[in-house]
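First up is the structure itself, then whatever we jot down about it.
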Amino acid sequence: MKVAIASDHGGINIREEIKSLMEELGIEYEDFGCECQTSVDYPDYALPVAEKVAAGEFDRGILICGTGIGMSIAANKVKGIRCALVHDVYSAKLTRQHNDTNIITMGERVIGAGLAREIAQTWLTTDFEAGRHATRIGKIAEYEEKSGQ
């Protein structure tokens with residue numbers, strides 16, 4: 001598995017924690033920034049990660065900002081992305097099993113590093129169940145194609 005990870009200024013600490021986790025799990029990743037504490041625009045980090053995941057250069061992506069909301073909105077504008085804002089372990093598990101999410105977002109101002117680490121580990125190690133869920137994902141993809149999204 002290859003993961004793209006990025007944050008804006010509001011998610012640097014959790015990003016570093018998750019990078020450490022991925023190193024422990026032996027997961028290959030690339031860090032797309034940011035490297036500053038001053039205010040930056042989250043789409044500048046969310047969109048490149050989402051585009052690389054959608055293009056198949058990375059299997060999954062993890063995005064962190066203050067709340068996770070802005071990153072999630074931006075990432076979901078990219079065709080082929082199924083991004084979920086996740087702040088608990090149960091949702092992280094189900095969003096992989098049922099929704100085959102390829103990106104998650106989290107908010108550093110909402111959750112702490114320990115919980116973020118648990119969420120990321122659960123999400124990274126959970127497989128898509130397919131079956132009836134694949135039919136549902138197919139309907140979303142079909143709509144995306146027809147609507148030009």
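Predicted, not measured: the structure shown is a model, and the values here were computed from it.
- In this structure, the salt bridge (charged side-chain N to carboxylate O under 4.0 Å, His left out) partners of R96, at least two apart in sequence or on a different chain, are D100.
- E17 pairs by the salt bridge (charged side-chain N to carboxylate O under 4.0 Å, His left out) definition with R117, not counting sequence neighbours.
- Annotation: salt bridge (charged side-chain N to carboxylate O under 4.0 Å, His left out) contacts of E57 (sequence neighbours excluded): K52.
- Within a 6.0 Å radius of NZ in K93, other residues, nucleotides and ligands contribute 12 heavy atoms or fewer.
- With sequence neighbours excluded, no residue forms a salt bridge (charged side-chain N to carboxylate O under 4.0 Å, His left out) with E30.
- Shown here are the side-chain hydrogen bond (donor to acceptor under 3.5 Å, both in side chains) partners of T67, two or more places apart in sequence or in another chain: there are none.
- Listed by first then second residue, pairs satisfying ring-ring contact (aromatic ring centres under 6.0 Å, His included) with a partner in residues 1-20 number zero, not counting sequence neighbours.
- Here the closest heavy-atom approach between residue T125 and residue Q121 is recorded as OG1-O, 2.7 Å.
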Taking distance alone, no hydrogens or angles, what donor-acceptor pairs closer than 3.5 Å link side-chain atoms of residues 33-44 to residues at least two apart or in another chain?
residue : atom : partner : partner atom : Å
E35     : OE2  : R15     : NH2          : 3.0

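- The list of salt bridge (charged side-chain N to carboxylate O under 4.0 Å, His left out) pairs with a residue in residues 132-143, not counting sequence neighbours, reads E142-K146.
- Both V78 and V53 belong to a single network of hydrophobic side chains, linked directly or stepwise wherever heavy atoms of I, L, V, M, F, W or Y lie under 4.5 Å apart.
- Side-chain contacts under 4.5 Å among hydrophobic residues (ILVMFWY), followed directly or transitively, place M1 together with V3, I5, I14, I18, L21, M22, L25, I27, Y29, I62, I64, V86, V89, I104, M106, V110, I111, L115, I119, W123, L124.
- Judged as a ring-ring contact (aromatic ring centres under 6.0 Å, His included), the pairs with a partner in residues 53-102 (not counting sequence neighbours) are, in order, F32-F58, H98-H133.
- In terms of heavy atoms, T95 sits closest to A84 at OG1-CB, 3.3 Å.
- Checked against side-chain hydrogen bond (donor to acceptor under 3.5 Å, both in side chains), D59 has no partners two or more places apart in sequence or in another chain.
- What you find for N102 and G80 is that their closest heavy atoms are ND2-O, 3.0 Å.
- Here A75 pairs with A50, L63, I81, C83, I103 under the side chain to side chain contact (heavy atoms under 4.5 Å, CB included) rule; sequence neighbours left out.
- Distance NZ/K19 to CG/D31: 3.5 Å, rounded to 0.5 Å.
- Across all non-hydrogen atoms, the minimal contact from G68 to C65 is N-SG, 3.1 Å.
- With hydrogens and angles ignored, the 3.5 Å screen pairs no side-chain donor or acceptor of N99 with any backbone N or O of T101.
- Linking ILVMFWY residues whenever their side-chain heavy atoms come closer than 4.5 Å, directly or via other members, places I73 and L85 in the same cluster.
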